[in-house]
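Since this is a predicted model, take the numbers as computed values, not measurements. Each ligand, and each atom within it, is numbered from 1 in the order the structure gives. No hydrogens, no waters, no symmetry mates; every other heavy atom, side chains included, goes into these values.
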Amino acid sequence: MQMYDLIQKTRRKEALTEEQIHFIVDGFTRGEIPEYMMSAWMMAVCCQGLTDAETAALTLAMRDSGECLSMESVGGITVDKHSTGGIGDKTTLLLAPIVAACGGYVPKMSGRGLGFTGGTIDKLESIPNFSTSLPMERFLEITKEIGCCVIAQSGNLVPADKKMYALRNLTATVDSIPLICSSIMSKKLALGADCILLDVKFGHGAFMKTPEDAQLLARAMVDVGKRAGKQCRAVLTDMNAPLGANVGNALEVLEVIRILRGEVRNPLSELSTTLAAHMLSLSGKGSVEKCMEMARTALDSGAALRKFADMIAAQGGDAEVTEHPELLPQSDAKYTASAPNDGYISSMQSEEVGLACLELGAGRTAASSEIDYGAGVELHAFVGEAVTAGQPLFTVYGKTEELCKKAAARILQCTQITAEKPEAQPLLYQIIS
Ligand code: URA
């Protein structure tokens with residue numbers, strides 16, 4: 001088998017066999033296929049696409065390039081969730097304890113933030129002493145005992161993706177549905193949970209800019225998950241505006257604690273409860289409606305808050321933060337911006353809010369960047385709400401007042417206030433199963 005011929009076949013839109021796809025992935029992972037050939041093949045995939053069978057074969061070949069975990073020791077049906085990423089997306093921190101409080105098991109490996117979207121691991125690491133790096137046995141033990149555990153992606157899982165993703169970033173081949181699908185799903189399948197819920201986001205602050213593109217990606221991922229024998233479902237959710245009130249690591253943990261303590265209810269708490277209900281129903285706990293009731297009760301009764309505190313303690317963190325959130329890191333300076341005129345907030349471009357937070361130090365511009373855990377934005381009014389001139393719109397937190405004012409100006413520029421009340425858009429757009 002010659003890599004040259006396989007590149008040509010994909011370029012001509014001729015389908016490869018499972019064996020040929022394994023040859024490419026194994027050869028590249030072992031260093032036998034050079035980067036220039038792999039880049040050419042991935043560019044051919046970008047331009048010509050792959051069939052569903054080829055995408056599934058690519059995903060499984062990538063999954064098998066490294067270690068695959070077994071969830072057997074957890075002793076129950078395990079359920080994983082993936083979000084394609086967005087601004088202020090802290091749903092994992094809410095739904096993991098909600099599902100655990102309802103008797104489900106959530107073993108979750110998450111990523112760090114790079115660029116304008118935040119990473120769940122960075123958010124958790126803003127909790128004093130919280131460890132996101134645990135031995136696999138401990139990860140599974142905590143999942144079994146508490147019902148949820150969230151750690152950073154293990155280096156031994158899917159080495160093919162690590163090499164391919166680095167190359168895609170340099171060769172303008174990130175933006176391809178079969179390549180995104182195989183990258184995400186190979187990691188989900190290697191983790192080995194029985195059920196997978198995929199939260200595919202669309203809008204300004206998302207990878208997929210339109211619902212149509214999000215549908216294509218969601219369908220491809222659900223198809224691969226099912227071919228691999230998993231209970232798999234996708235939800236399409238709106239990421240045109242930031243999710244919830246707070247953006248920034250410790251600020252997002254603070255919002256999670258306020259919701260778990262019952263102090264706040266907002267579209268984020270509603271979406272997280274819905275996602276938790278889908279996870280519970282995928283893992284055989286009943287209809288989505290019944291699971292929604294269970295999830296609401298877990299949230300309202302404080303059971304989910306106790307699970308969150310238990311998980312923090314099991315992972316070495318200071319669980320006192322759930323009682324005393326002031327123990328979370330706080331920035332030195334802040335600045336509150338006011339509404340420039342009367343009207344309705346008709347849009348707030350989430351990508352710009354993410355970029356403003358990045359400038360404040362809440363995210364990374366390079367893998368080695370240091371994070372200011374306290375930095376970020378707290379919104380005082382949401383898209384669709386009426387505001388009057390001079391009313392506080394949002395508060396920016398950062399190292400200096402100058403930095404905060406600069407970020408506030410950027411966010412004000414991307415916030416539209418109009419005389420007309422905008423049409424309400426549901427956060428949950430579609431379910432694909
Ligand atoms: N996230 C991934 O893990 N891989 C991609 O290709 C895109 C987003």
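- Contact shell of ligand 1 (protein heavy atoms, cutoff 4.0 Å): Tyr165, Arg168, Ile180, Ser183, Ile184, Lys187, Phe207.
- Ionic pairing of Glu359 and Arg410 is present here: one or more N-O contacts between side-chain nitrogen and carboxylate oxygen are shorter than 4.0 angstrom.
- Ion pairing of Asp175 with Arg168 is absent here, as no side-chain N (NZ or NE/NH1/NH2) approaches a carboxylate O to less than 4.0 Å.
- One finds a salt bridge joining Arg258 and Glu378 here, because a Lys/Arg side-chain nitrogen approaches an Asp/Glu carboxylate oxygen to under 4.0 Å.
- For Asp372, the salt bridge (Lys or Arg N to Asp or Glu O under 4.0 Å) test picks out Lys399, with sequence neighbours left out.
- Residues Lys163 and Asp161 are not paired through a salt bridge, judged by the lack of any N-O separation under 4.0 Å between the basic side chain and the carboxylate.
- A salt bridge links Arg112 with Glu125; the closest basic N to acidic carboxylate O contact falls under 4.0 Å.
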